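For reference, the structure discussed in these notes is given below.
Because the structure is predicted, anything quoted here is derived from the model rather than measured. Counting starts at 1 for both ligands and their atoms, following the listed order. The first residue of the sequence shown is numbered 1, and numbering continues consecutively from there.
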Amino acid sequence: MIGRLNHVAIAVRDLAAATRIYRDTLGAEVSAPVPQPEHGVTVVFVNLPNTKIEFLEPLGENSPIRAFLDRNPDGAIHHLCYEVEDIHAARDKLVGQGARVLGGGEPKIGAHGKPVLFLHPKDFCGTLTELEQA
Ligand SMILES: CC[C@H](C(=O)O)C(=O)SCCNC(=O)CCNC(=O)[C@H](O)C(C)(C)COP(=O)(O)OP(=O)(O)OC[C@H]1O[C@@H](n2cnc3c(N)ncnc32)[C@H](O)[C@@H]1OP(=O)(O)O
Ligand SMILES: [Co+2]
């Protein structure tokens, strides 16, 4: 079912500081910040030869990453995102196997303009797991 690793997400309090570290210290190419209000985050992407790093900063009072950052004030790896051929078929299979799909189960459009959904970390090795339609 899962295919390519689309991105590894890191949650931070300060997107500009994270951008400076990756751009100026690690010499990486970092995109401009893009607010994603329907997801409660602002994101930037670090484009790597074999995958991407997605930096997330809370956006708005109800950001789903605020409690995570309260627990991890210096920032931390937040989720992994895998690509799937058919996100609805993947969801239905996973739900059939008892996995918890977050956010009500219907995929939302993610940062790449494709449907995404999230699987509960407690069902996947303590790791918040995102699926993105390939
Ligand atoms: C723009 C879209 C972009 C894209 O790629 O396209 C994105 O990736 S958007 C990313 C932001 N959106 C989301 O993360 C949506 C899914 N996440 C959620 O719904 C919440 O973050 C949730 C429910 C996973 C956790 O919310 P919260 O931390 O407020 O809940 P709890 O404090 O009750 O935590 C429950 C339990 O889970 C553990 N936890 C929480 N977050 C993580 C995590 N990222 N990785 C691993 N474990 C996590 C938390 O520690 C609690 O464990 P417990 O043992 O019960 O203390
Ligand atoms: Co993501």
Side-chain angles (χ1 to χ4, degrees):
M1 177 195 299
I2 57 172
R4 285 171 16 101
L5 175 66
N6 182 277
H7 61 267
V8 176
I10 300 173
V12 292
R13 290 183 182 283
D14 184 341
L15 214 47
T19 295
R20 282 192 297 275
I21 292 168
Y22 269 63
R23 187 189 55 217
D24 303 341
T25 306
L26 294 178
E29 176 204 322
V30 187
S31 72
V34 179
Q36 296 277 351
E38 66 284 2
H39 290 275
V41 293
T42 301
V43 303
V44 301
F45 279 96
V46 178
N47 295 306
L48 301 173
N50 61 333
T51 190
K52 292 184 280 295
I53 304 300
E54 176 186 71
F55 278 107
L56 307 167
E57 182 185 78
L59 177 63
E61 286 313 304
N62 300 317
S63 173
I65 69 170
R66 198 164 295 282
F68 180 87
L69 279 168
D70 290 344
R71 293 190 293 269
N72 301 278
D74 294 333
I77 292 177
H78 183 258
H79 64 269
L80 301 180
C81 179
Y82 302 107
E83 293 177 6
V84 291
E85 281 307 309
D86 179 336
I87 198 163
H88 288 96
R91 178 206 50 201
D92 294 346
K93 180 173 184 295
L94 290 162
V95 168
Q97 292 168 319
R100 286 169 283 183
V101 178
L102 299 168
E106 200 48 44
K108 288 199 299 192
I109 298 303
H112 299 122
K114 296 186 178 175
V116 300
L117 58 77
F118 288 87
L119 304 172
H120 201 290
K122 294 296 184 186
D123 298 337
F124 292 91
C125 312
T127 304
L128 181 59
T129 300
E130 179 181 9
L131 303 182
E132 178 175 311
Q133 176 76 41

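Remark: atom 25 (C) of ligand 1 lies closer than 4.0 Å to no protein heavy atom. Protein heavy atoms are found less than 4.0 angstrom from atom 45 (N) of ligand 1. Within the 4.0 angstrom cut-off, atom 30 (O) of ligand 1 has no protein heavy-atom neighbours. When distances from atom 10 (C) of ligand 1 to the protein are checked, a heavy atom turns up under 4.0 Å. Protein heavy atoms come within 4.0 Å of atom 54 (O) of ligand 1. When distances from atom 35 (C) of ligand 1 to the protein are checked, no heavy atom turns up under 4.0 Å.
Both the backbone and the side chain of Leu128 come within 4.0 Å of ligand 1, counting heavy atoms alone. Contact annotation: for His78 versus ligand 1, heavy atoms closer than 4.0 Å belong to both the backbone and the side chain. Contacts with ligand 1 closer than 4.0 Å are made by no heavy atom of His112, backbone or side chain. At a heavy-atom distance under 4.0 Å, atoms from both the backbone and the side chain of Pro64 approach ligand 1.
Remark: ligand 1 atoms within the under-4.0 Å shell around heavy atoms of Gln36 are 1 (C). For ligand 1, the atoms closer than 4.0 angstrom to any heavy atom of Glu130 are 4 (C), 5 (O), 6 (O), 8 (O). Annotation for ligand 1: atoms under 4.0 Å from non-hydrogen atoms of Phe68 are 41 (N), 42 (C), 43 (C), 44 (N). Close contacts between ligand 1 and His7 involve ligand atoms 5 (O) [criterion: under 4.0 Å to a heavy atom]. The ligand atoms of ligand 1 that sit less than 4.0 angstrom from a heavy atom of Ala67 are 28 (O), 29 (O). Close contacts of ligand 1 with His79, meaning ligand atoms under 4.0 Å from a residue heavy atom, involve 8 (O), 10 (C). With ligand atoms numbered from 1 in the order given, ligand 1 contributes 6 (O) to contacts under 4.0 Å with heavy atoms of Gly110.
Distances shorter than 4.0 angstrom occur between a heavy atom of Gly126 and an atom of ligand 1.
Residue Glu85 qualifies as open at atom CD: its count of foreign heavy atoms under 6.0 Å is 12 or below.
Inspection of the Glu54 and His79 side chains reveals an N or O donor paired with an N or O acceptor under 3.5 Å. His7 and Glu83 share no donor-acceptor pair across their side chains, judged by distance under 3.5 Å alone.
At the shortest separation from atom 28 (O) of ligand 1 among protein heavy atoms lies Arg71 NH2, 2.8 Å.
Exactly one of Thr127, Asn72, Ile65 qualifies for a side-chain contact (heavy atoms from CB on, under 4.5 Å) with His78. That residue is Ile65.
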